[in-house]
2 protein chains.
Amino acid sequence: MTDGSAGTGKPPAMYRKVAADLGREIGEGRYGSGGRLPAEGELAERYGVSRGTVRQAMALLRTEGLIASRRGTRRVVIGSPRPQSFGELLSFTRWARSTGEEPGGRTVTVETRPADPTERDQLHLPAGAEIYEVRRLRTLSGRPVMIERTVYPSTVGELIAELPPDTVSHTVALEDAGVLIADAQHTIDLCRADEEDARLLGCRPGDPLLRERRCSTDPAGTPVEWSEDRYLPETVAFTVHSSAASGSLARRPADDA
Amino acid sequence: MTDGSAGTGKPPAMYRKVAADLGREIGEGRYGSGGRLPAEGELAERYGVSRGTVRQAMALLRTEGLIASRRGTRRVVIGSPRPQSFGELLSFTRWARSTGEEPGGRTVTVETRPADPTERDQLHLPAGAEIYEVRRLRTLSGRPVMIERTVYPSTVGELIAELPPDTVSHTVALEDAGVLIADAQHTIDLCRADEEDARLLGCRPGDPLLRERRCSTDPAGTPVEWSEDRYLPETVAFTVHSSAASGSLARRPADDA
DNA sequence: TAGTGGTCTAGACCACGGC
DNA sequence: CCGTGGTCTAGACCACTAA
């Protein structure tokens, strides 16, 4: 992944190429930390594109936290590129591989049942709709690190239920079946291990776990999965960039679902 | 704050007005959850602006996680507006007030000392530079919820050190002094309470805490603060939106600073 | 004052979704 | 097929920074 259009087979848009180029140069330290980027006009000439296209590229770099930008002066470098794509954020398997670890997954249970009110709300399902609930233990190089409880609407769940039990990446399997994920809403907090968590993760009931709850939607805005991942401490951290220009991180009281 | 240009006195840009309008309408349920927005052309006509301006507004709503967007069909609603501005994310005081709680802050220690290597790296300081370290206990309605350890470069630290000891919001005080924050990089994980944490928060050493580490920069890209906040469990959660189009959230191994 | 990014316009062509 | 958003152009004016 160097321009955000991985695997689609389409020729990437020009602004993505420009952004990928500059991102790489920033990563190589070409401008230094805190250094100034070339002016918009200069980049437009260098790449033979209009100023608007350069500005689209800059907007990308900005939301990725690489540069800061204000009227009157050139843009400056404020961060380094994260080699992590959106796919690596959503797929434990892809993330683990990108860090050089060997990911594993063991399905614990698969069941279908009526959605509870929270699930209906998250997945936009009508009263009485059936869902698939899948529980899996995720490992890094054989060591248990996370337990994943995912709820799928039945259309997606049927695909998951047919997968071989040793399928490492459900996310990749869904992609191959044409189920793409375009957006996700995450909530990160702390919870306590229950009996099942403790048994599978090898800790004691009540031990603290880092919890990520996530609702993912496809490009049409249809909810695809509602997942709760519980990590052993010392295994992962989450990083976010936020800026006054856009901002997608928020703090909130720790009660509701 | 309804258009992201709070307190600047400048007339907000047109695209911010359009985005704020649509965001409000989405919040009021005008289009329903999963509903379709008006077409770009229709909005351009309605507001008397060009298509480019409408697209700028849509890009804002998209990074805020309110809408999904793809070629061929109208944009659809996928989320609700978070009433939280960037300022409320950075300022515990503002955040607390926006939730209806009464925030408090008690400064525990203020000291100056040479920056250690991690601090020099985060704040872009040369070897031997002095920093100010401030520790504060933050409360909600008198109840301790968080301990905050913030390191400032000396230029900023001098301002902080002169504040009255009962100043509730250091962030607001900095803004009044002309020190603005434009970008921040956050890392969220779990840590254990040390002796000082336990004494101040009223828990036991070793108890789990939700930790947010943050490096903030001003509009020029200059680091302004490097802070580590430790929250008691059950007090806060963090929410993030991520999308394939931009993406600023990442998972990472939980070792380094 | 000269250089720079922020905002906005008016138009073009294309790729995709759904009828 | 038509309606839609994605990409790109070529220009304009303004607000701000720094020399």
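The sequence lines fix the lettering, A, B, ..., with proteins before strands; numbering per chain opens at 1.
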Taking any heavy-atom pair under 4.0 Å as a contact, classify A/Arg70: base, sugar-phosphate, or nothing.
sugar-phosphate

With a 4.0 Å cut-off, would you call A/Arg113 and A/Glu133 a salt bridge?
yes

Could you tell me how far apart A/Glu40 (CD) and D/dT9 (C1') are, to the nearest whole angstrom?
15 Å

Taking atom types as modelled and ignoring hydrogens, do the side chains of A/His186 and B/Ser242 form a donor-acceptor contact shorter than 3.5 angstrom?
yes

Return yes if some donor-acceptor pair links the side-chain N/O of B/Ser91 with the main-chain N/O of B/Glu88 below 3.5 Å, else return no.
no

From the set C/dC8, C/dT7, D/dT7, return the single nucleotide nearest to any side-chain atom of B/Arg16.
C/dT7

Can you tell me how far P of C/dT4 sits from CG of A/Leu37, to the nearest Å?
13 Å

Looking only at non-hydrogen atoms, find the nearest pair between A/Ala184 and A/Arg214 and report the distance.
CB-CG, 4.2 Å

So the salt bridge (Lys or Arg N to Asp or Glu O under 4.0 Å) pairs with at least one residue in residues 25-38 of chain B (sequence neighbours excluded) are B/Glu25-B/Arg30

Residue closer to the 5' end of DNA chain D, A/Gly48 versus B/Glu42 (nearest nucleotide)
B/Glu42

Counting only side-chain N and O atoms of A/Arg55, is one of them less than 4.0 Å from OP1 or OP2 of C/dT4?
no

Length of the NZ-C1' vector between A/Lys17 and D/dT7, whole Å
13 Å

Grab the OH-C1' distance between B/Tyr47 and C/dT9 for me, whole Å please.
19 Å

Taking CD from B/Gln56 and C1' from C/dC8, how many angstroms apart are they, rounded to a whole number?
8 Å

B/Thr53 side chain near C/dT9 phosphate (N/O to OP1/OP2, under 4.0 Å)
yes

Considering every strand and a 4.0 Å limit on heavy-atom distances, what is the contact class for A/Arg36: base, sugar-phosphate, or nothing?
nothing

Judged by each residue's nearest nucleotide on DNA chain D, which is more toward the 5′ side, A/Gly72 or A/Val49?
A/Val49

Sort me out a list of protein N/O and nucleotides 12-14 of chain D N/O pairs below 3.5 Å, or just none if empty.
{"residue": "D/dA12", "atom": "N6", "partner": "A/Arg51", "partner atom": "NH1", "Å": "3.0"}

Protein-nucleotide distance (A/Arg62, atom CZ; C/dG5, atom P), rounded to Å
12 Å

Rounded to the nearest angstrom, tell me the gap between atom CD1 in A/Ile67 and atom P in C/dG6.
9 Å

To the nearest Å, give me how far apart CD (B/Glu45) and P (C/dC8) are.
19 Å

Tell me whether the OP1 or OP2 atom of D/dC8 has a side-chain N or O from A/Tyr15 closer than 4.0 Å.
no

Checking C/dT4, D/dG5, C/dG18 against the side chain of B/Thr73 (C-beta onward), the nearest is C/dG18

Got a donor-acceptor contact below 3.5 angstrom from the B/Thr167 side chain to the B/His170 backbone?
no

So what does B/Met14 touch, heavy atoms closer than 4.0 Å: a base, only the sugar-phosphate, or nothing?
sugar-phosphate

Please identify each residue that fulfils side chain to side chain contact (heavy atoms under 4.5 Å, CB included) with A/Ala161, with sequence neighbours left out.
A/Tyr132

Near B/Glu45 CD, under 6.0 Å, is it more than 12 heavy atoms from other residues, nucleotides or ligands?
no

